[in-house]
Structures are given as structure tokens and as C-alpha cells.
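All values below come from the heavy atoms of this structure, side chains included, with hydrogens, waters and symmetry mates left out. The chains referred to below are lettered A, B, ... by the order of the sequence lines, with proteins before strands, and numbering in each begins at 1.
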Number of protein chains: 2
Amino acid sequence: MTADPLSRVFSALADPTRRDMVARLAVADATVNELAEPYDVTVQAVSKHLKVLEDAGLVSRSREAQRRPVRLEAEVFDLMTKWIERYRRQAEERYSRLDGLLATMPDDIGTNPPPQPPQTGAPT
Amino acid sequence: MTADPLSRVFSALADPTRRDMVARLAVADATVNELAEPYDVTVQAVSKHLKVLEDAGLVSRSREAQRRPVRLEAEVFDLMTKWIERYRRQAEERYSRLDGLLATMPDDIGTNPPPQPPQTGAPT
DNA sequence: CCTATAATCAACCGCATGGTTGATTAAGGA
DNA sequence: TCCTTAATCAACCATGCGGTTGATTATAGG
């Protein structure tokens with residue numbers, strides 16, 4: 001929970017069960033018990049998964065009587081998409097530039113924001 | 001390493017140091033020692049990070065004398081992008097549909113591919 | 001052949017993570 | 001009020017992961 005937002009999102013989606021929950025929540029909101037039903041684990045385990053997704057900003061919970069319906073939040077997806085697209089594009093550009101020749105680059109580019117320890121600023 | 005491809009990629013990018021390596025490799029290929037230089041960890045640790053990225057299909061290593069230059073592979077990015085876009089779109093559609101009303105959906109949709117254990121097929 | 005350099009392998013350590021069981025809190029309904 | 005249902009909290013356990021140090025494998029070069 002102390003990690004940066006991007007790490008939290010990627011980390012949250014690194015688990016197949018959590019990805020499946022996201023897939024199901026994209027179709028309809030659901031309660032914890034409903035979400036837990038198809039899986040072979042306890043409700044508590046699912047509750048923990050949900051907390052991970054929530055900390056990552058992927059879902060939110062409201063209150064409605066004693067149930068707490070979970071809903072998917074779409075905004076945070078953009079965070080990932082932006083990061084991915086940025087480097088995918090760069091990588092592809094390098095390819096099409098027959099890069100090999102230009103391997104000796106500006107030389108002050110590998111001196112990026114090095115995340116010494118975990119880092120917190122910049123798009124990383 | 002026994003995990004499915006999507007889990008491997010998301011998991012690989014959940015670490016800020018590995019994301020920074022990807023960012024730097026998007027600019028230029030590099031050797032393990034070059035990559036390790038800006039970080040405050042041993043070369044062995046960086047070598048491990050590289051293995052994670054390699055297992056995820058994000059980088060490849062060739063051989064050139066005794067050094068093994070690392071290059072970024074762009075293809076696997078699409079895997080993530082497709083997954084993300086699919087569910088982001090679904091989520092946004094639900095929003096614009098003033099979903100609340102249609103909460104009682106087709107009813108055979110939460111019955112997706114439930115990943116009982118880890119799962120291996122389908123786009124997940 | 002011997003040595004220096006690039007990188008990995010191997011064993012180990014501390015901590016986070018996914019899972020469990022058992023107890024607790026919150027809200028409705030009889 | 002008492003009981004049932006929904007969900008979380010708490011403690012615990014095994015495994016995985018990021019990191020370390022130390023040894024080992026390749027290749028280049030004197």
C-alpha cells in the first residue's frame with residue numbers, strides 16, 4: 001500500500017482471480033459474496049482481493065443496507081495505458097529507425113529519472 | 001514462471017525499478033552492467049529483474065562477445081493493451097447506459113471463465 | 001596459459017502476499 | 001430483543017520475491 005500508483009495497479013492486475021473479478025465487474029456491480037461464489041476460496045480471501053483492487057483505485061464500494069456493492073472505476077486504466085503506449089511507441093520507433101546504426105545515441109538519455117529507491121514522482 | 005502470460009507481464013511491470021529499465025531500454029539497448037549502474041543495488045539483483053522481464057517476453061538477450069545486450073520487445077505490450085481496453089470500454093459503456101436501471105442483466109454473463117485455480121486459456 | 005571482465009548460479013534472509021480459521025461488527029427482519 | 005446475513009478484522013501459515021554475498025561459467029586479451 002506504500003507503493004506508487006502505477007505499481008499498485010499493475011500489481012493488482014497481476015493476479016488472475018483479480019483480473020476475473022474486474023472482468024465480471026465490467027458487466028455488472030456485485031457484492032463480495034456474489035463475487036466469491038464462482039471461486040474455490042473463502043469470502044475473506046475475496047474480500048482481501050477486493051481491498052487490493054480498491055487500493056489500486058480500480059474499484060469502489062458503496063453501502064446499501066448491510067451489503068457493500070462493488071463497482072468498477074475506469075479512470076485508473078488510463079494511467080496504465082499512457083505508460084504502456086509511451087514506451088511501446090518508443091520501442092517501435094527504434095525498430096523502424098533501423099536503430100542498430102544509431103546505437104551511439106545522444107548519450108545523456110540513459111541518465112533518466114533513476115528510481116534509486118522506490119521513487120514517487122514523475123510518470124516513471 | 002508457471003503463471004499465465006498476462007500475469008507475468010503485469011507482475012513484471014509492477015516493480016518501479018523494472019519499469020525504469022523498460023523506459024531506458026526503449027531509448028537504447030544496454031548490457032546488464034550498464035543497466036545496473038544508476039541503481040543502488042548489485043548487478044545480480046538487476047540480472048534477476050532482467051530474467052523477470054525476459055520471462056514476461058518484454059526483453060530479449062543476444063550474445064556479443066562476453067556481453068549480452070538486452071533489447072526491448074514491443075509485441076507483448078499489445079497483450080496488456082487489449083485486455084485493458086476491453087474492460088475499460090465495457091466499464092465506460094455501463095456508465096453511459098445509466099446502468100443502474102439495467103442492473104438485472106442477461107444473467108449468464110457473470111458465468112465467465114472462472115479461473116478456479118490459476119487458469120491458462122482464453123484472454124482472461 | 002593466465003588473468004580480467006561480463007554475467008549467471010546458488011544459498012540464504014526478511015518481508016509481503018494469498019490463503020486459512022475464528023471472532024467481531026453492522027444492518028434487517030421475526 | 002434476538003437471530004440471521006454481509007462483510008471485515010485478527011492471527012497465523014506457507015510460499016514467493018527482492019535483496020544480499022560468494023562461487024562459477026564464458027569469452028577476450030596479454
Should Met21(A) and Val46(A) be marked as a side chain to side chain contact (heavy atoms under 4.5 Å, CB included) after you check the CA-CA gap, both sets of side-chain angles, and the distance that decides it? CA-CA 9 Å; Met21(A) 290 196 235; Val46(A) 173; 4.1 Å; yes
Reading nucleotides 25-30 of chain D from the 5' end, what letters show protein touch, with B for base, S for backbone sugar-phosphate only, - for no heavy atom under 4.0 Å? -SBS--
Using only side-chain N and O atoms of Ser47(A), determine if any of them is under 4.0 Å from OP1 or OP2 of dT8(D). yes
For Arg63(A) and Ala65(A), indicate whether the former's side chain and the latter's backbone hold a donor-acceptor pair under 3.5 Å. yes
Step-by-step side chain to side chain contact (heavy atoms under 4.5 Å, CB included) determination, Leu13(A) to Leu58(A): CA-CA 9 Å; Leu13(A) 294 179; Leu58(A) 282 160; 3.9 Å; yes
Considering only dA7(D), dA11(D), dT20(D), which nucleotide approaches the side chain of Lys48(A) most closely? dA11(D)
Please state how far atom CZ in Phe10(B) lies from atom P in dT17(C), giving the value in whole angstrom units. 18 Å
Comparing nearest nucleotides in DNA chain C, the 5'-proximal residue of the pair Val41(A), Ser11(A) is Ser11(A)
To the nearest Å, give me how far apart CG (Leu50(A)) and C1' (dA6(D)) are. 13 Å
Under 3.5 Å donor-acceptor pair, Gln44(A) side-chain atoms to dG22(C) base atoms: yes
Distance check: side-chain N/O of Thr42(A) vs OP1/OP2 of dT20(C), anything under 4.0 Å? yes
Is a donor on one side and an acceptor on the other found under 3.5 Å between the side chain of Arg8(B) and the backbone of Asp55(B)? yes
Looking at Gly57(A) and Val76(A), what are the two nearest heavy atoms and their distance? O-CG1, 3.6 Å
Establish, with yes or no, whether the OP1 or OP2 oxygen of dG18(D) is under 4.0 angstrom from a side-chain nitrogen or oxygen of Thr17(B). no
Which residue lies more 5' along DNA chain C, comparing Pro69(B) with Val46(A) via nearest heavy atoms: Pro69(B)
Give the rounded distance in Å between these two atoms: CZ of Arg61(A) and C1' of dA26(C). 15 Å
Between Arg24(A) (side chain) and Leu35(A) (backbone), is there a donor-acceptor pair under 3.5 Å? yes
If I take atom CG in residue Leu35(B) and atom P in nucleotide dA6(C), what distance separates them, rounded to the nearest angstrom? 14 Å
Rounded to whole Å, please give me the gap between CG in Leu53(A) and P in dT8(D). 12 Å
What is the distance from CZ of Arg67(A) to P of dA7(D), rounded to the nearest Å? 7 Å
Could you give the CZ-to-P distance, from Arg18(A) to dG19(C), as a whole number of Å? 8 Å
Counting only side-chain N and O atoms of His49(B), is one of them less than 4.0 Å from OP1 or OP2 of dC17(D)? no
Does Val9(B) form a side chain to side chain contact (heavy atoms under 4.5 Å, CB included) with Phe10(A)? I'd like the steps, not just the answer. CA-CA 9 Å; Val9(B) 184; Phe10(A) 278 124; over 6 Å; no
Where each residue is assigned the nucleotide of DNA chain D containing its nearest heavy atom, which of Asp15(B) and Asn33(A) is assigned the position nearer the 5′ end? Asn33(A)
